[in-house]
Structures are given as structure tokens and as C-alpha cells.
Asks: 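Encoded as C-alpha cells, here's the structure I'll be asking about.
Throughout, protein chains are lettered first and strands after them, A, B, ... in sequence-line order, and every chain is numbered starting at 1.
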Amino acid sequence: MAADDVSRRSGLTRAPWVLLAPALLGMAFLVLPLAGLLVRAPWTTLPERLTAPHVLDALRLSLFTATVATAVSLLLGVPLAWLLARVSFPGRSLVRALVTIPLVLPPVVGGVALLLVLGRRGLVGQWLESAFGISLPFTTAGVVVAEAFVAMPFLVISVEGALRAADLRFEEAAATLGASRWTVFRRVTVPLVAPGIVAGAVLCWARALGEFGATITFAGNFPGRTQTMPLAVYLALETDPDSAIVLSLVLLVVSVVILASLRDRWVSAGSAA
Amino acid sequence: MAADDVSRRSGLTRAPWVLLAPALLGMAFLVLPLAGLLVRAPWTTLPERLTAPHVLDALRLSLFTATVATAVSLLLGVPLAWLLARVSFPGRSLVRALVTIPLVLPPVVGGVALLLVLGRRGLVGQWLESAFGISLPFTTAGVVVAEAFVAMPFLVISVEGALRAADLRFEEAAATLGASRWTVFRRVTVPLVAPGIVAGAVLCWARALGEFGATITFAGNFPGRTQTMPLAVYLALETDPDSAIVLSLVLLVVSVVILASLRDRWVSAGSAA
Amino acid sequence: MSLSARLSVVRPRFRLDVAFDVEPGQVLALLGPNGAGKTTALRALAGLTPLTNGQITLDGRSLDALPSERRPIGVVFQDYLLFPHLSALDNVAFGPRCHGVAKAEARRTAKVWLERVGLADHTAAKPRQLSGGQAQRVALARALAVEPRLLLLDEPLAALDAHTRLEIRSQLRRHLSDFGGATVLVTHDPLDAMVLADRLVVIEGGSVVQEGAPADVARRPRTEYVARLVGLNLYKGTATGRQVSVDGIDFHVNDEIDGPALIAFPPAAVALYRSRPDGSPRNLWQAHIEGIERHGDNIRVHLGGAIAVAADVTPAAVADLDLTPGQRIWASVKATETRAYPA
Amino acid sequence: MSLSARLSVVRPRFRLDVAFDVEPGQVLALLGPNGAGKTTALRALAGLTPLTNGQITLDGRSLDALPSERRPIGVVFQDYLLFPHLSALDNVAFGPRCHGVAKAEARRTAKVWLERVGLADHTAAKPRQLSGGQAQRVALARALAVEPRLLLLDEPLAALDAHTRLEIRSQLRRHLSDFGGATVLVTHDPLDAMVLADRLVVIEGGSVVQEGAPADVARRPRTEYVARLVGLNLYKGTATGRQVSVDGIDFHVNDEIDGPALIAFPPAAVALYRSRPDGSPRNLWQAHIEGIERHGDNIRVHLGGAIAVAADVTPAAVADLDLTPGQRIWASVKATETRAYPA
Amino acid sequence: SGSDSSATSSSAPSAAASSAPATANTLTVFAAASLTETFTELGKAFEASHPGVTVTFNFGSSATLAQQITQGAPADVFAAASPATMKTVTDASLAGSPTTFVRNKLQIAVPPDNPAKVASLKDLTDSKVKVALCAEQVPCGAAAKKALDVAGLKVTPVTFEQDVKATLTKVELGEVDAALVYKTDVLSSGGKVNGIDFPEADQAINDYPIAALTKAPGGPLAQQFVDLVLSQQGKDVLTKAGFESAA
Ligand SMILES: Nc1ncnc2c1ncn2[C@@H]1O[C@H](COP(=O)(O)OP(=O)(O)OP(=O)(O)O)[C@@H](O)[C@H]1O
Ligand SMILES: Nc1ncnc2c1ncn2[C@@H]1O[C@H](COP(=O)(O)OP(=O)(O)OP(=O)(O)O)[C@@H](O)[C@H]1O
Ligand SMILES: [Mg+2]
Ligand SMILES: [Mg+2]
């Protein structure tokens, strides 16, 4: 029962080359371009560029919208993943494939699609406006919608994978103890697949943080309201490419710091199993 | 031991509303915008738009490059995920966070970063060109590189999540049977987390298929060689939005058909456990 | 009548077809060789495996249509299935919580149960920090904590050491008589079955081959499996009066009987001789020694020949007779120790 | 010397400290109550749990620095751990494949092993399609198929039914004598231990409390756990000549002994009387009945009072004496049935 | 924009204030991304001359902006980088007749060390010279095609870029030896690329149209901003950035 012991005997020294070599190559491939950006960054003018007011606004807005979009995705996406993994219904494999649509759709087209449905003249948007006076485009809420649309599939698909790999028998045991499906889900399924949910949430958050095309199309590019960091980077590229690199680095550093500090806590708390 | 029996008693009728409602809402949210596109699509002129030669070229190129990029990501990314999940080494949580960089980086900046490293005058690119005569930008290989750079983190993170949720004791059992770490990985770990790997590969493939910013920045846009569907869609959007919608729908239909038909086979084959 | 079950489950290479009733307060033991279908029957009762056919009635209510979580059951699984993310305490409190008990109250209940199974010191331990036997005791406490009307136990005592087993076994008995529900117990241990169960149902290959009170089953086994379980040699033969003929060997018995018959005797009733003993030729045959092994304080000798027989002799006898595998030998059984009954 | 192990593993709330040697061809049984540290010791031998201290030498080679996969071992885990994605055949072929055997050859070997454990019909089954006992037999075959020098078995026979257990047990013995490696066996079943093991090591709370040949341990238990395991009552007292005084009760014994002593006698040696019997006052005391339960063919009566004693009586005796819980009663033990030895 | 202190009542002297009182002190301008710097400067000037009015910009690709406007975005002014995208809006009757406010001329952009020794448009036809062009679908690509057609040259580039900035980036990083981009872009690169004029550029000039939108929530402020852009003050700001004034 003491499988956790194994980690103690691990270490890079015992990793076989056939695994270590591609792993290190992959790591270099993902991390090296960052080095390129660092080399190219205009270090001397960095401080003044960073303190420009709209940079902090954009950063704050990015972190806020990405977090809310992730929360929305968790709320809707984890049940959806559960539905796809645990409930068999006709057309399930089609639905599963449809869920990947926002992944494949070029984000700008995604933004157009959102406008067509949720815009002021859109199928649902019209009704939202007349019934509730809610108008999503060009608002911060619109940014959240655009980011959630693009990022949620990442959560859904990786959580579904985790659910499929989990041992069903624990859920059976919970059912015999009188747990309803909802209780089983909440108190057994979710804790058991916590590492998968954390991984999915990280993907979702990061994707939302880097979202550009759908956001600028659906929510526009208004400083302080809908201008997230990637949009600021886009505009900076138009006027001052060096500034764009600085902004990107800011985005990277902040997200890396947040992920490195938060995830270890989640992961160790979630995957006690 | 007969946990698979449980699926037989499932069915939408038994799913609780507290899970079903958000799941259906999530599904609608992801799928409805497609309806918007369908309504808006210029059905009358569809056939002629579809048969335009560059559309098929772009589609073929997209499918090819996304598939190769996924293969590359599997080759490098699964070992990397294994390293992050199973081997403890100093700085692991930092590396894990760094791996998410390409997710957060606005894709256009990602393309610039790739150029800085792998371009003609890049840190590594210079050497690649002088030593091997390899030049990546403006080639199909460059498209694969750009897509892999953007899409690989999705694979790495979701596979890592699956690895963390897996039961280590099976790997211990394999070790006592004389299996080296590599054999354990290949014959026990990978089959056990197959659903997670499939989920990650789907994310990776879909993300690669929809990749736009990094591709056009790093590999450029030349019909037949580097012009993938998203690039064609983006350019069509500039002059003829209807055409862009048609192209997007083509991309969607093809990817949904491929995913719906392939995944069920993978999933059932991989997750026999 | 408390539980009435007719279970039929069809699998590609296996078919379960059993029926049994359990009175309130009664304990029914399901015995059978590996792969007989005991776990399958238990899962069907728990609603985890759908019935291909049949019906389950508990306290007059049909359970067939109820999902597992609505059945008033408690299950101890063959491999525990403790929730790895919950402490021992929270594993036990899980059931009461699902039945609407407040958290603090559920934990109190759980604590009491853990104390009863002797794990007061391990309330905070996660399952992976428990030894195999500790884990099984937590599973037992978890199943009992929901105060079920039907208790289903799959080898509940298998991982317990002798000392704890004795304790848990009597606690289990005590608790069962307290609430008066029906219990179905799967076990391999004939002692467990004899001590805990009011009735035995023996399954082989998915069908019931024998059932009855433990003492009856122990006295008159009907299959070789049951005979071995209760430590008897069993043969099928043809009876005429006080004589039963088995594969050419005539056994003299005390019981008056005719037609197809079964004959059973304990290994300890077999006497071995190096040369043909004088006296009555009945119950005597020649055999060869196939194997010799220790068996408790005695030595068990496996004999081949016309019939396969196990004989228990003292170590002293082994030395006196100088028994070795392959050796030819004479064996006999006292008529008073054999029991014959209709097949 | 084949295996020499000094194992020390420190955990937050537990500490294992044991040492033992196993000669080539010998079988060592580790016995102990739940949570004693048996599995921990086995894991340490297998290289799955790191030693805090100590060393392991096999055939003169130190194993300490070797990872599990380089140790010439075979392990049967307490909960099987069959690879869920492989068929029974491929589970067994896994080990040989890892040792460089070609696929077809490994499968042939695996088939032979599955036949030996009686699962020739289930080669293609996935673990989830096997019953508990079938799964454990596959695990056994898997461990044996690598022809290990050191075989580690954690409750290898626990899930087997009586019939199969007998078969697998003797096959196991046969195989062990074939290759002459060392075997460490964890079991709760005293019979398994007695039959299979050449030597017993009893662990309690992480430390060795007794070791020796099975017969010696069975005859002279040193702790209450061992005594219960071998079915004896055991008390600590002070001996003077042929008399041992335990909590005010004087026992007359056959053995000449002085100083702190242990005294053991079987429950069957206890006689019960409704009124004080005439005769020698030694070995006689008054007690009350705490519990009565069936025990095999007999009835076991648990007695309280100055000392806690288990007494086995026939059902007839229970009826004659009209025994009921709470009743006061006289108990005595024959001097010839008690055994006394230095504590 | 520190004029918030002035009274709201002074901000909308016209009668249109009554039709949209809540938004009359906000002006929303949708403008092509290439106008970011110049329009931001003009916006500040507009706020200074219209106390209490806040100008909000939505910069993006002209096509995206046109999409947003046709989908009901609350915009007052649209300044596009090509007549084609403006046409999408006017076709939907969402804008009056647009006015061309600036024009942009092409230059050959080369890295400062000019490795391929490019000096004229004809040099781009050399197959050893790596050339980047804008895609035909975007304005600078249309202009490049026109210029090359006029010159009667056939150039095979290695890439058709999605916009002029991306094209410029390729030159800046030395990935290509030459590209056809706008003079404004060469100027804004701050010396990271060199611009080479060529005569055919005069026949391939791109017009930037601007229009006040018919459903403008900002009412008459929209036309006032358009007027500012067309004024001498506007021209100064724009020509300083390298735009040619529209005749
Ligand atoms: N990973 C762990 N972390 C902390 N404590 C542990 C861990 N694994 C086991 N223990 C504790 O160590 C002790 C010994 O456990 P072990 O599994 O070795 O017992 P065992 O003798 O095999 O018992 P059983 O017969 O019930 O299987 C127990 O008290 C257990 O709770
Ligand atoms: N999911 C399944 N699919 C197909 N066959 C199965 C499945 N589960 C069990 N079986 C088969 O059904 C038969 C009965 O299995 P079951 O688990 O009920 O046996 P059991 O009596 O509990 O045995 P044990 O004492 O070994 O646990 C076995 O032959 C087994 O191989
Ligand atoms: Mg079973
Ligand atoms: Mg154990």
C-alpha cells in the first residue's frame, strides 16, 4: 500500500537515456525560444516601459478575465467531461468531437461566430438584450466569454481523459454506501481525478491568458475594459516591436510565477491519493 | 473486479440535474456558435468555393502538418511529461511552469521567438544552416515546428496529469519482474494512462490544426507549402467574410469527422483497463 | 421473509444461476471454489451487476429496479476499495454522511466503529498508510456504519490475523444479531462459515450444488469440493444393504441404504499397513503413496490407486511404517467412521 | 548462506527493525498481527521501500544498492497488482520478456505456468474478468515465471479456496525445492506457515518476538499472539520447582523449572465443573463465563476471572453443564497437558 | 485626459444631446491598427478641445472592425486601412460617404546591411533574393501587386504575409532580403530597416478612408472627430508619421 515510497528512490540519475533524451530535447524546444526573447529584450528601457499605466491595467485585466474564464470553464466543463466519460447516450462520440470545435476554429473566426450568436444582432444576443438588457460584446464580460469559449475545450478533454483512466470501482463502492450520483461525483470522482482537473485548469487558464483572436473580435480592444495583455502586445507590435517583447515577457513571468507557486500546492493537495 | 458492468446501468435518465444542467449549458455554449456560422454560411455558392484548388491544398497541408506536429509532440512530450511526473529533480516545479510558456505567449510573439532562435540569424538557426544546410522558416517543416511549439504543452500537461493520477504500484510490480524504467514506461505506464495520452493528443492535434499566429510569423504564408487552413481563413476574412466562414466550416467538418471516427477506436482500444 | 433472491447473470464464458432465501437475522454463507460466481452473486445483490434474469426481494420490497445507492445494503469488497483520498475516519463517516447525518455526528459514529474494529489509533491514517489487515477492518467498519438491512461481505476476514479475526468475528456476530437484517457472506474459510453462518449455499460453476445447515453440509458433503472443505474423503458408489461398492472396492457401512450412494470418511479414519492385515477383507484395498506432507500436527498421506484417498497418520506412524512416495501399501477404513447417504 | 537481511525502516508512527537469514532452499515464514510490518519488510527486500538502515545480502552479493528490477526476485503482492491492460497470459509472460526471452518463447513459458496453477482456460482473460482467486493464481504464476533466486510472497494463498489452496501449496513446495532459492512468505494462516515454512519469524510492532522451527514455535509460544495462532492458552508466571504461580493460581507442571516462566496449554485441556470438584486443589480455579461460540465441531467457552482462558468442550458437555454467559464455574487443567518453559 | 473636472452640461451644446444623453460625452473610434500612434495623439487633441469628452479607441485589423460594426458594435467613427473594408460598412448602410484622409506609399525595405544588394524593384526578381510580400487580400499586398504589374515584373516571394507589420518583421529579423512595405512602416521601425523608393510606387498608392457612422451613439461628436482628422492639424500629425496627405 506504500507506493509513495517509490519517489524517494527516484532521481535524474536513474532516468534512462531513451526517455531522458527526448524529454530534455522537448524541454529545450519549449524553453529555448524564451531565451531568444530574453536576448532580444530592450533591457535598458525596460523599467519605464513596464510602469506605463496601460501595461498594469492590461495585466490586471488579463489575470482577472483568465481566472474568471477558468472558473466558468470548471463549473460547466467538469460536468460536461463527466457526462462524456460516464454517461452513455446516443451521439456521444459526435458531441465529444463537437466539443473540440473551438480548438480547431481559427480564433478570429471563433470571435465572429460568437458575434453571430451572442452579438447585439445575434441569435441569442438579441434575446439577451431585450429580455435582460445584457449586452456582452465590447465588455469585460465579453472578454470572459471569448476566453472561456476558446479555453474550455482544453479543460473538458483533459478531464474526460482523466475520468476514463480512473478506477470505476471506487464509485461503485460509494454507491453501495448510499451516495447519489451527485455525491459520488463530488466526494469521490472529483477528488480521485484531481490531478487531471488541475492539469486541465492550468491548460485552460494559460490558454485564456494568451487568447487573442476571439477576444479582439468579440470584445474589441478598449484599454482598461477589454484590452488584455495579448491585445496590448498586438498593438505594441504595430508601433514598437521591442515594447511588444517586453509586454510578452511580463505576461510570461507573471504566469510562470503564478503557476509555479500555485500548482505545486494544488497538485500535492489534490493528488494525495 | 467487474467494474465495466456499471456502464450498462448508466444513461441520461439517471444523470442528476445538478450535473446535467451545467453539462448541457457548457455543451450549448461550445456548440451554439457553430450554429451561428451555419446560419451565416453562403450555402448557394458553397460548391464553387469549396472546389477552389487552394482550399484543398490548404486542407491537405493542415491535416498533414498537424498530424506530424502531433507525432513530434508525442515523441518528445510524453517523455517530458513522464520526467515531470515521475522523476524528482531540483527546479522541477519551475520547469513545469516554463513548459506552459508557449500556451501563454501570444502566438505571434511565439513566432517571433522561434525566429529569434531558429531563424536564419537565430541562435540555433545560424548553426543549423551552416552545419547542415537546414533552414526552417518558409518551409513546411517550419509549419510543423511552429505548430508543435504551440501545441506540445497541451500534450505535456494533460499527460502529466494522467501520470500523477495513475496508480504507482503497478509500476512497482513491473520493476520487481525485472522491467527497466524504460520497459516499465513502455509496457505498463503508457498503456495504463492511454486515455490521458489520447486526450492530450487530441488537444494537441486540434490546437495544431487551428494554429495561426506562430505559423504565419515563423513559416510565412505560401500556398501549397506553408499556407494552412487558418491562414487561408484569415486572409479570406480580409476581403470576403463569407468565404472565410465556408473555409472554417470545411476545417471544422473535417476535424470533427476525423476525431469522431478515430477517437472512439483509440479510446476503446487504449482504455480497456 | 427478509431476503429472497433468484439471480441469473449471463457472461460470455460464464453463467450464474442461483436462488436462495435469507430469513431476518440469519447469516447465509456462500461457499464455492475460485471462479464459482460468489462475487458475481454479491454484486448482483448490491445492484452493481445487472441481472440478466431473476428478482431480488428484501423485506417484501423488490430491489430489482433500485440503483445501488437506494438499496439498504452494506458491502465489504474483496479488495477493500477504501477511498484513497479520505482518512480512515472519513471513509467510515462517508456512508452516514450520504444518509443525511451531520458531519460531526457522522464522524462520531465513525469513531465508534473504528474503535469497535480495534483501529482507534488509526483514524487519521490514509488508506495507503494502512496495512492490508487494517484496510480490511476499515472497510468492515465502513459497511457496518450505514446500519444496512442487508449486509454483503466478500471474504471479510481473509486478511485478518488469527487474533483479530477471532475478535472481529464475534463482534460481527454480535452486531448481526442486534439489527436483525439479512447477511450474505462469501468466504473460503470453512471455520468462518461454520461459526458465522446459519446456512450454507455452495456454488460451483455458477450453480448451487448443495445447501443446508452448516452441520448437515459438513456431515453429508455432496461434492468433492465440499468434502475437501470439511476435511472428508468422498466417493460415489452403489449401495446394496449395508455395503457400498466404489470402483470395485466394497465398503461396509453402518447405514442401511440402496441405490446410488455417497460415502464419506475423515482422513484420520484411514489406517495404513505395510502388508495385508489379517481379519475382515471389507474396507481394505491396496494403494500407492503419491505424496506426503505435514498437516497440522499430523502427516497427510495422499494415496493413489483404484480411488484417491487422503489419510492422516501420526509422525510416529510414518517413522514406524517408513513411508515413502511411490511405495505400495494397504489401506483400510473403520466401518463406524464411514457415513453413507443417497447420492 | 543465501539470504541475510537486517532491515530497519522508520516511519512517522511506526518503526521496523528485524533481522533474519534464510538458507538456500529454505522457506521462511513471516508471521505477525495486522500492521506488524510484514509487508514493509517484504517491500524492503524487494527494493520498493528504501532501508533507513541495515543491509540485504543474497548469495553473497549485497542487494542494497540494486534497484528492484536488478534484484533476482519474484514478488506476489497482497492485492495482486495484475496489469489491467494485459491478458493473464501476457501478465505472466511479462517477466520472462523483461529478462530478454523472445515473445513466442515467453508466451510458451507463461502458458506452462498458467497450466500449473490450473488456469489453462483463462489465458486470454483480462484481470477484470478473473475472480479474486483466479487473479491471485495468475499473480503467483507471474512471480514464479521469472525463476527468481528470492521469492517474496505476501499472503499468496489467502484468496484461494480450500481445494485449490492444497494444490497450489504443494506445487509451490515442489517448485521451491526445485530451484533451491530462498523464500520469504508472509501469511496469517498457521497451517500454511506450518506446512510450507522451514522456519518462522514472528513480528509484532515492528520487532521480532520469536523465531524458530514451526514445531518449536507451536510448542513453546512466547507471546499471546503466537499462542492464539497455534491454539494455546499462554500465561506468564513465576516457577518454583514443578509449580508455576500465575496471578495467584498455582499450576502443577511436569517440567522442572525456576524463575520467570511461561505456561501453555490447549483449550481442549481445560475441564469445567459446576461445583468445586474433589481432589487435588492445584490447577483449579474459579471463573465466570464471558462468551460461548461454536468452534469447529466443538464449543469454545471464554472464561474471565483471575486469568482469561479459552476452553473447548463438546456440545454434549455444554448441554450437561447448562453453560450460559455470566455463570460462575470451576475450571481445571490436567498437569500432563501443560507445558512450562523459561520466559 | 484630465478634463473630467469640467461640467457635463458644457460638453454637448448641440440638440443631439437629447437623443443620446447618456453617451454624448464619449466618442468611440474604430481605427486600423496602423493608425494607433497618430490617432491616439489626435484623440488627446480632441479631448483637449472638447472638455468632458472621452475618446475611446478600438484598434484592430480593418476587416475585424468592419465585422464588428456590421454586427452592431457601438462605434461613432470608422477609419479603415483600405477602401474595400470601408465598403463592407457602407454597403450595410451604416456609414455615410467616406472621405480619403491619407494615402500610403510603398517602399522596398531591406536590412541595414542589405545583404542581397537590392537597389531597385527589378532586383527582387532574382531568384536568389528572398522576398516577402503582403498577401493580395490585404491592402499593402494589393498595392504591391499593382506596382509589380505596372513595372511588368514577376516576383516569386517566399511568403505572402498577413499584414504589413509581419512583413516588416521578416526584414528586421533578416529572414528575408527585401520586402515591399509602406513608407510609414519603414519610418516607424526606427532605423532597423532601410527604405528604398522606387518610381512605380506612385501608381500603387493605398487610400485610407474615414467616415462617421450613421447610428453613432456619440451623435455629432463623430463628425467633429472626422473634421479634426481632415483638418490641417490632423494632416500634420499624419504626415509626420510618414503618411502622404490625400491630395
Ligand atoms: N506509506 C506508509 N506511510 C505511513 N505508515 C505506513 C505506510 N505503509 C504502512 N504504514 C504503517 O506501517 C505499519 C506496518 O504496515 P505493514 O503493511 O507492513 O503491515 P503488515 O504486517 O503487512 O499487516 P497486514 O497483515 O495487515 O497486511 C502499519 O502500522 C501501517 O499503518
Ligand atoms: N467482467 C467480467 N467479464 C467476463 N467474465 C467475468 C467478469 N467478471 C468475472 N468473470 C468470470 O466470472 C466467473 C465468476 O467470477 P466471480 O468473481 O464471481 O468468482 P468468485 O466465486 O468470486 O471467485 P473468487 O473466490 O476467486 O473470488 C469467473 O470465471 C470469472 O472469470
Ligand atoms: Mg470473488
Ligand atoms: Mg500486509
Side-chain angles (χ1 to χ4, degrees), chain A residues 3 6 10 12 15-16 18-19 22-23 25-26 30-33 36-37 40 76-77 79-80 83 87-89 93-94 97-101 103-104 106 109 113-114 116-117 157-158 161 164-165 168-169 181-182 195-196 199 203 206-207 209-210 212 230 233 248 252 255-256 259-260 264 271, chain B residues 3 6 10 12 15-16 18-19 22-23 25-26 30-33 36-37 40 76-77 79-80 83 87-89 93-94 97-100 103-104 106 109 113-114 116-117 157-158 161-162 164-165 168-169 181-182 195-196 199 203 206-207 209-210 212 230 233 248 252 255-256 259-260 264 271:
Chain A
V6 87
S10 310
L12 271 185
V18 64
L19 281 173
L25 194 62
L30 294 179
V31 175
L32 252 188
L37 289 182
R40 179 66 189 275
L76 305 182
L80 180 52
L83 194 71
V87 183
S88 59
F89 55 92
S93 64
L94 180 68
L98 284 178
V99 163
T100 57
I101 284 179
L103 294 181
V104 179
V109 179
L114 281 175
L116 291 174
V117 172
I157 290 173
S158 67
R164 285 186 172 274
L168 273 179
R169 294 179 307 149
R181 277 206 162 195
W182 165 238
L203 288 179
R207 180 69 185 87
L209 201 63
F212 166 71
V233 168
S248 300
L252 289 190
S255 70
V256 164
L259 289 180
D264 263 5
S271 71
Chain B
V6 86
S10 311
L12 270 186
V18 64
L19 281 174
L25 194 62
L30 294 179
V31 175
L32 252 189
L37 290 182
R40 176 72 187 272
L76 305 183
L80 181 52
L83 195 70
V87 183
S88 60
F89 55 91
S93 65
L94 180 68
L98 284 178
V99 162
T100 57
L103 294 181
V104 179
V109 179
L114 281 175
L116 291 174
V117 172
I157 290 174
S158 68
R164 285 185 170 275
L168 272 178
R169 295 178 306 149
R181 278 207 161 195
W182 164 239
L203 288 179
R207 180 68 185 89
L209 201 63
F212 165 70
V233 168
S248 299
L252 289 190
S255 71
V256 164
L259 288 180
D264 262 5
S271 71

Asks: By a 4.5 Å heavy-atom criterion (distance strictly below it), what part of A/Val233 contacts chain B: side chain, backbone, both, or neither?
Replies: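 The side chain, not the backbone.
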Asks: Between B/Gly196, B/Ala162, B/Pro230, B/Ala113, who has the most heavy-atom pairs with chain A when the cutoff is under 4.5 Å?
Replies: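 The answer is B/Ala113.
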Asks: Which heavy atom in B/Leu19 sits nearest to a heavy atom in A/Arg181, and how many Å separate them?
Replies: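 Result for this residue pair: CD1-O, 4.4 Å.
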Asks: A/Pro33, A/Ser158, A/Gly210: which one forms the most heavy-atom pairs within less than 4.5 Å of chain B?
Replies: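 Greatest number of close heavy-atom pairs with chain B: A/Pro33.
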Asks: Looking only at non-hydrogen atoms, find the nearest pair between A/Leu76 and B/Gly26 and report the distance.
Replies: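 Of all heavy-atom pairs spanning A/Leu76 and B/Gly26, the closest is CB-CA, 3.9 Å.
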Asks: Could you have a look at A/Leu103, A/Leu32, A/Leu30, A/Val117 and say which one has the most heavy-atom pairs with chain B under 4.5 angstrom?
Replies: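 Option with the top pair count is A/Leu30.
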Asks: So which heavy atom on A/Ser248 is nearest to which on B/Pro106, and how close?
Replies: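 The pair with the smallest heavy-atom distance is OG-CD, 4.4 Å.
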Asks: Please classify the contact between B/Val104 and chain A as side chain, backbone, both or neither, with a heavy-atom cut-off of under 4.5 Å.
Replies: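 Both parts, backbone and side chain.
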Asks: Taking only residues two or more places apart in sequence, or in another chain, which ones meet B/Ala23 in a side chain to side chain contact (heavy atoms under 4.5 Å, CB included)?
Replies: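 With neighbours one apart ignored, the set is A/Pro79, A/Leu80, A/Leu83.
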Asks: May I ask you to test the A/Val109-B/Leu37 pair for a side-chain heavy-atom distance under 4.5 Å?
Replies: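 Yes, at least one pair of side-chain atoms sits under 4.5 Å.
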Asks: Can you name the side chain to side chain contact (heavy atoms under 4.5 Å, CB included) partners of B/Leu98, sequence neighbours left out?
Replies: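 Side chain to side chain contact (heavy atoms under 4.5 Å, CB included) check on B/Leu98 returns A/Val31, A/Leu34, A/Val256, B/Leu94, B/Ile101.
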Asks: To the nearest 0.5 Å, how far apart are CD1 in A/Ile157 and CG in B/Leu259?
Replies: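 Going from the CD1 atom of A/Ile157 to the CG atom of B/Leu259 covers 7.5 Å.
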Asks: Locate the shortest heavy-atom distance separating A/Ala260 from B/Ser93; write the atom from each residue and the value.
Replies: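 Scanning both residues, the minimum pair turns out to be CB-O, 4.0 Å.
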